[in-house]
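To keep things clear, I will list the structure first and then write my remarks on it.
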Amino acid sequence: MQDLNFFEPYIEKREIKFNKIYFLYILLLSLFVAIIFIGIYNQIRISALQKSVEQRKEVAENPKTIERVNEIKELESKVNTFKTEVDKIIELDKVIESKDMIGEELLRSIKSKMPEALFLNSFSAYEREIQISGTARDTYSIAELAKGLELIEEIEDIFVSSITDTDNGYSFVINLTLKDESEDGKEVNQE
């Protein structure tokens, strides 16, 4: 027989008994609650995304929006066409510039050979041919211009086609032919 000790609970240390079944029930209950909360959270997100999709679908299917999108696509195609045209113009400008025989340097050279008593009325150029017309106080100034133009390297031939006596002096026309240059910049021999 065993003695009853009423003070035993106060004297002995209490041990926590670990029951596996209670732990399993608590674990299952917490897992079930977590699944319910995750399901509710996902359902709320799904409904919010559906509302957003419906709003965007409404905007996308709006006739004004469709019309605006079509206008933008049309403008985009025009811009692309414009860009290709600009690229072609740039390439054409490069070709023209590379074949340009009458440059700023040639014009400065011609201007430097002009005597003071001589005035130009017109200057026209086509490919290798230049025609200069103007007025001078005397024929000596015209001859001085023609002789000065002979010193310019780019000019192959000079011809004073007319000198006319006018009330204000002499009007003249000078035709120039420029030297023909090949693609690599060397003079082409004409036979």
Quiz prompt | Closest non-hydrogen atom pair between Thr84 and Thr81, with its separation | solution = OG1-O, 2.6 Å
A quick test of your reading: do over 12 heavy atoms of other residues, nucleotides or ligands sit less than 6.0 Å from [atom1] of [X]?
X	atom1	value
Glu116	CD	no
Asn42	CG	yes
Ile21	CD1	no

Exercise. Begin from the C-alpha positions of Leu149 and Ile152 and carry the test side-chain contact (heavy atoms from CB on, under 4.5 Å) through to its verdict.
Key: CA-CA 5 Å; Leu149 292 175; Ile152 298 175; 3.8 Å; yes
Taking the side chain as every heavy atom from C-beta outward, state whether [X] and [Y] have any pair of such atoms under 4.5 Å apart.
X	Y	answer
Ile130	Leu178	yes
Gln131	Val173	yes
Lys94	Ile90	yes
Asn175	Glu129	no
Ile132	Leu120	yes
Leu107	Phe123	yes
Asn80	Glu76	yes
Val95	Asp93	no

Hey, what do you get for [atom1] ([X]) to [atom2] ([Y]), rounding to the nearest 0.5 Å?
X	Y	atom1	atom2	answer
Glu153	Glu105	CD	CD	9.0 Å
Lys179	Arg128	NZ	CZ	11.0 Å
Leu92	Asp87	CG	CG	12.5 Å
Leu151	Lys113	CG	NZ	5.0 Å
Glu58	Thr65	CD	OG1	9.5 Å
Leu28	Phe23	CG	CZ	10.0 Å

Self-check item: Any donor-acceptor N or O pair under 3.5 Å, side chains Ser171, Thr135
Solution: no
Which atom pairs, donor and acceptor, lie under 3.5 Å between side-chain atoms of residues 137-148 and protein residues at least two apart or in another chain?
residue: Asp138; atom: OD1; partner: Ser141; partner atom: N; Å: 3.0
residue: Asp138; atom: OD1; partner: Ser141; partner atom: OG; Å: 2.6
residue: Lys147; atom: NZ; partner: Glu150; partner atom: OE1; Å: 3.2

Practice problem: Look at the side chain of Ser52 and the backbone N and O of Ala48, then say whether any donor-acceptor pair between them is shorter than 3.5 Å. | Solution: no
Self-check item: Thr177 vs Phe159, side-chain contact (heavy atoms from CB on, under 4.5 Å): CA-CA, chis, key distance, verdict
Solution: CA-CA 9 Å; Thr177 304; Phe159 177 67; over 6 Å; no
Self-check item: SB check Glu91 Lys88 (cutoff 4.0 Å)
Solution: no
Quiz item: Do Met114 and Ile163 belong together in a cluster built from hydrophobic side chains that touch within less than 4.5 Å?
Solution: yes
Quiz item: Given the rule in the salt bridge (charged side-chain N to carboxylate O under 4.0 Å, His left out) test, do Lys57 and Glu54 qualify, once you have shown the distances and angles that lead to the verdict?
Solution: CA-CA 5 Å; Lys57 187 176 181 181; Glu54 288 174 7; over 6 Å; no
Quiz item: Excluding sequence neighbours, so at least two apart, what forms side chain to side chain contact (heavy atoms under 4.5 Å, CB included) with Ile35?
Solution: Leu31
